Amino acid sequence: MATTLIKNGRIVTAVDDYFADVFIDGETVAQIGKDLQVQADQTIDAKGKLVLPGGIDPHTHLDMPFGGTTSADDFETGTIAAAHGGTTCLIDFAIQEKGKSTIEGLDTWHGKADGKATIDYGFHMIITDMPVERMPEMTKLRDEGVSSYKLFMAYPGVLYVDDGVLYRAFRQAGLDGTRICMHAENGIVIDEIVREAVADGKVDPKYHALTRPTRMEAEGVHRSIAIAEVADVPLYIVHLSCHDALEEVKRGRARGVNVIAETCPQYLLLDQSIYDQGFEGAKWVMTPALREKWNQESLWQGLQFRDLETIATDHCPFCFKDQKELGRESFTKIPNGAPGVENRMSVIYDAGVVKGRIGLNRFVELTSTAAAKAFGLFPKKGTIAVGSDADIVIFDPDRKETISVDNEFTHHMNVDYSAYEGREVQGWTETVLSRGRVIIRNGKLETRGGGQFVKRVGVGELLR
Ligand code: URP
Ligand code: ZN
Ligand code: ZN
């Protein structure tokens, strides 16, 4: 078993901030202390750098068939890009084919990932139907380490399920000690608004945003919280994008419902005006859509006041050429999703820590620890402690980079554009260890492969 000594770094977790050395024996952190006097196979000097728990991105879509095509990153390219950006574990979404077994869906996703990943990964299961006779499968999924499920109020005819399915799945998940992830948008009403827009010839990408009112996201959040409250299950609202939806989360929490919520860098940093550039706007056609800029202040406040729990990417990349272009005639045909798995740590460090909106500990909590706790990975992952997996990022807090599809230090995703093209950021992932292996050294890929499926346990204690 190889050993590594990381010397002279500033270790920051969700609660600690101190200077010490970290000794890694094989896959785990074995010792932490001042001026450790131990022999190691390799020593990494982290002087002037932050030593952080590897990022955990609990929301990605790799190799996912969607919108008539397949997301452009698979488990090989997507996990390498994630590693470059300081993420050492992601939770991707396996999909149940409607009418078929969820276990088959899980097998399919294992087949996509097995032997390809460079960082560790888990799966949520997207449930597309749940007849009573299939409910025992949910318990089986939990026993297989898939302890969370995503259900959709959006995308009628594709991933949408009705409130009866929601309740059944919520109830079983609650009984099994697992968690529900909710895509909360009233897709039935939205489809009517879309139909009206298309009938009026409003087919440019900007109408994707204009046909998805924030009130319809808020309604979905409100309804799913009410159903979760009755079904008695911990709820996680995914990709929360706006003030109206956040207000519903706050209301639910104020009356004691076990609901937490995720937002994404794109909702904190980009806004609806980006669609005012004709078909180019297709690059940011995602669901929920980007919102009016004023919503961003509410989201930052939600992060500061702990009404928002995590920052994930919802990385769902489609190339502009040939994939986004499927929607040249109408925004309804543009595959929904945008890339970002590689940029999350840098853009949030820059906009959050450097700009003074959140502290360093909160940065670690939002990008790693809280997801580990919400999804049954803690304390193996999400912190640096004796006995935890040696998933560690050596982060340069001073280095500046301009994010670009052409910048070899910011773009390894298999997609032909960057959602953050031209944005200058301070804070860059220099070296990354995944269970003790150096996978990125000084910004260069050193080890390919070796990522493993992580079985997750059920939901722990409340996160408040
Ligand atoms: O536009 C998005 N978000 N695409 C991925 C699917 C989803 O709803 O998360
Ligand atoms: Zn979604
Ligand atoms: Zn998603």
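Read the numbers this way: they start at 1 and go in the same order the structure lists the ligands and their atoms. Just so it is clear, the structure is predicted and the values come from calculations on it, not from any experiment.
The closest side-chain heavy-atom distance from Arg168 to Met135 is below 4.5 Å. In this structure the side chain of Tyr149 never reaches within 4.5 angstrom of the side chain of Gln96, judged on heavy atoms.
At a threshold of 4.0 Å, the pair Lys250-Glu247 counts as salt-bridged, since one of the basic side-chain nitrogens sits closer than that to a carboxylate oxygen. A salt bridge links Arg306 to Glu365: one of the charged nitrogens lies within less than 4.0 Å of a carboxylate oxygen. Ion pairing between a basic and an acidic side chain is recognised when a charged N comes within 4.0 Å of a carboxylate O; Glu217 and Arg291 show such pairing. The pair Asp129-Lys98 does not count as a salt bridge, with every side-chain nitrogen at least 4.0 angstrom from each carboxylate oxygen.
Among all protein heavy atoms, the one lying closest to atom 8 (O) of ligand 1 is Tyr155 OH, 2.8 Å. Atom 1 (O) of ligand 1 has Thr287 N, 2.8 Å as its closest protein atom, hydrogens excluded (heavy atom only). Ranking the protein heavy atoms by distance from atom 4 (N) of ligand 1 puts Asn336 O, 3.1 Å first.
Against a heavy-atom cut-off of under 4.0 Å, Met286 is close to the following atoms of ligand 1: 1 (O). Counting the atoms of ligand 1 from 1 in the order shown, those under 4.0 Å from a heavy atom of Phe152 are 8 (O). Counting atoms of ligand 1 from 1 in the listed order, those under 4.0 Å from a heavy atom of Cys316 are 4 (N), 5 (C). Taking every heavy atom of His183 and a limit of under 4.0 angstrom, the matching atoms of ligand 1 come to 8 (O).
Within the set His61, Lys150, Glu185, the minimum heavy-atom distance to atom 5 (C) of ligand 1 is found for His61.
Using a 3.5 Å distance cut-off with no hydrogens or angles, the side chains of His411 and Asp406 do not pair a donor with an acceptor.
Rounding to the nearest 10°, we obtain 90° for the angle at the Zn ion (ligand 3) between Asp314 OD1 and His59 NE2. Considering the Zn ion (ligand 2) as centre, the angle to NE2 of His239 and to NZ of Lys150 is 120° (10° rounding).
Contact annotation: for His315 versus ligand 1, there are no heavy atoms closer than 4.0 Å. Proximity of Asp314 to ligand 1, defined as any heavy-atom pair under 4.0 Å, is confined to the side chain (atoms from C-beta onward).
Classification of the Tyr236-Phe375 ring pair by plane angle, with boundaries at 30° and 60°, yields perpendicular.
Taking a 4.0 Å cut-off on heavy atoms, Phe93 fails to register as neighbouring ligand 1.
Among the backbone and side-chain atoms of His61, an N, O or S atom lies under 2.8 Å from the Zn ion (ligand 3).
Between Tyr155 and Phe66, a ring centre-to-centre spacing shorter than 6.0 Å is recorded. Between Phe123 and Phe453, a ring centre-to-centre spacing shorter than 6.0 Å is recorded.
Nearest N, O or S atom of His183 to the Zn ion (ligand 2): atom ND1.
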